[in-house]
Amino acid sequence: MAQAKKKREALSSFDRDTQFPAAEALSLVKSLSNRKFDESVDVIARLGVDPRKADQMVRGTVGLPAGTGKDVRVAVFAQGDKAAAAREAGADVVGAEDLVARIEGGFLDFDVAIATPDLMSQVGKLGRTLGPRGLMPNPKTGTVTNDIGKTVREFKAGKVDYRTDRYGNVHVPIGKASFPADNLLENYHSVLDELIRAKPPAAKGRYLRGVATSSSMGPGVRIDPSFTKIEDSQKTGS
């Protein structure tokens, strides 16, 4: 009952039909976050694509300048020198056939999986386990690579992957409600720039159809994507 009351109060505190500049929207999301834990803040973009068509799937990775605010657990499928590089870069678990066996046995205590190309024939066995969870290493997201050390450090520092769901929406975490508004804004613009860059040539008509942001338990706040970085920065006074 208390949670329902909080949500009703949050919904009545602003006009849900208004598109706010990103700076105002993110400040509003921060003010509406009143849970006892540090809520995540997400951006949701509705794209004018048909994800059922392979040439309109939008998928990739984006680095968040201010990080994600969470300790990202990285699993690496590698052996020899590449395994050593992964450990040196801070990977949480490293292995080859032994790691495949652990995951087949139920181990899933990680947020990102990275693999060297030579081990993908073994990692492929885990498709049914890792695929539905968005954890399967993929060249399109940079998680199948020989540059293991660099890739581990990037994901540890705040690199996240994104992909359209079956409705053409993309959900990307941009930090925590405790972040300064400027940091959330910086991460937001990095995500928006990346989504625009990743527009498929086959996509026709209006591409960016809607953008919103919300905290884990808070209401969605619509964003006006036409505002530039400079205009948004002026809103925060930075």
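With no hydrogens or angles considered, a side-chain donor-acceptor pair links Glu39 and Ser215 at under 3.5 Å.
By the neighbour-count criterion of 12 heavy atoms within 6.0 Å, atom CD of Glu104 is densely surrounded, having more than that number from other residues, nucleotides or ligands. In this structure, Asp55 places its CG atom where more than 12 heavy-atom neighbours from other residues, nucleotides or ligands lie under 6.0 Å away. At most 12 heavy atoms of other shown residues, nucleotides or ligands fall within 6.0 angstrom of atom OH in Tyr167.
When side chains are defined from C-beta on, Leu126 counts as touching Val100, because their heavy atoms get closer than 4.5 Å. Between Tyr188 and Val41 there is no side-chain heavy-atom pair separated by less than 4.5 Å. Using a 4.5 Å cut-off on side-chain heavy atoms (C-beta onward), Pro219 and Val29 make no contact. Between Pro200 and Val58 there is a side-chain heavy-atom pair separated by less than 4.5 Å. When side chains are defined from C-beta on, Val76 does not count as touching Thr151, because their heavy atoms never get closer than 4.5 Å. Two residues are said to be in side-chain contact when any heavy atoms from C-beta on lie closer than 4.5 Å; Ser214 and Val221 fail this criterion.
In this structure, CG on Leu135 lies 8.5 Å from CD1 on Ile103, to the nearest 0.5 angstrom.
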Side chain to side chain contact (heavy atoms under 4.5 Å, CB included) between Leu47 and Asn169, worked out: CA-CA 6 Å; Leu47 305 181; Asn169 299 317; over 6 Å; no

Audit row: Tyr162, His171, side chain to side chain contact (heavy atoms under 4.5 Å, CB included) steps and yes/no: CA-CA 7 Å; Tyr162 64 86; His171 297 246; over 6 Å; no

Val74 and Ile114: CA distance, side-chain angles, deciding distance, side chain to side chain contact (heavy atoms under 4.5 Å, CB included) verdict: CA-CA 7 Å; Val74 178; Ile114 301 169; 3.7 Å; yes

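Screening residues 122-139 for salt bridge (Lys or Arg N to Asp or Glu O under 4.0 Å) gives no qualifying pairs among residues at least two apart or on separate chains. Counting only residues at least two apart or in different chains, salt bridge (Lys or Arg N to Asp or Glu O under 4.0 Å) contacts with residues 106-120 comprise Lys70-Asp111, Arg73-Asp109, Arg73-Asp111. Every pair tested for ring-ring contact (aromatic ring centres under 6.0 Å, His included) that includes a residue from residues 40-91 fails, sequence neighbours excluded, so the list is empty. Judged as a salt bridge (Lys or Arg N to Asp or Glu O under 4.0 Å), the pairs with a partner in residues 144-172 (not counting sequence neighbours) are, in order, Asp71-Lys156, Asp92-Lys156, Glu154-Lys159.
Under the 4.5 Å side-chain heavy-atom criterion for ILVMFWY residues, a single connected hydrophobic cluster contains both Leu192 and Val160. Criterion: ILVMFWY side-chain heavy atoms under 4.5 Å apart, direct or through other members. Under it, Phe20 and Ile44 are not part of a common hydrophobic cluster. Val94 and Leu99 are not part of a single hydrophobic cluster, where members link through side-chain heavy atoms under 4.5 Å apart. Residue Leu64 is not grouped with residue Val112 when hydrophobic side chains (ILVMFWY) are merged at heavy-atom distances under 4.5 angstrom, including chains of intermediate members.
For Thr143, the side chain to side chain donor-acceptor pair (under 3.5 Å) partners are Thr141, not counting sequence neighbours. Here Thr18 pairs with Asp15 under the side chain to side chain donor-acceptor pair (under 3.5 Å) rule; sequence neighbours left out. Qualifying salt bridge (charged side-chain N to carboxylate O under 4.0 Å, His left out) partners for Glu186, counting only residues two or more places apart in sequence or in other chains: none. Evaluation of the salt bridge (charged side-chain N to carboxylate O under 4.0 Å, His left out) rule for Asp50 yields Arg52 as partners, not counting sequence neighbours. In terms of the side chain to side chain donor-acceptor pair (under 3.5 Å) criterion, Lys30 has no residue partners (sequence neighbours excluded). Listed by chain and number, the residues in a side chain to side chain donor-acceptor pair (under 3.5 Å) with Asp38 are Ser178 (sequence neighbours excluded). Taking Phe110 as the reference, Phe107 meet the ring-ring contact (aromatic ring centres under 6.0 Å, His included) condition, with sequence neighbours excluded.
Within the 3.5 Å criterion, the main-chain N or O of Leu28 finds a donor-acceptor partner in the side chain of Ser31.
Of the candidates Val191, Leu185, Asn187, Leu185 is the only one forming a side chain to side chain contact (heavy atoms under 4.5 Å, CB included) with His189.
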Can you give each donor-acceptor pair under 3.5 Å made by side-chain atoms of residues 205-213, sequence neighbours left out, with the distance rounded to 0.1 Å?
from	atom 1	to	atom 2	distance (Å)
Arg206	NE	Leu208	O	3.3
Tyr207	OH	Leu195	O	2.8
Arg209	NE	Arg206	O	3.1
Thr213	OG1	Asp42	O	2.8

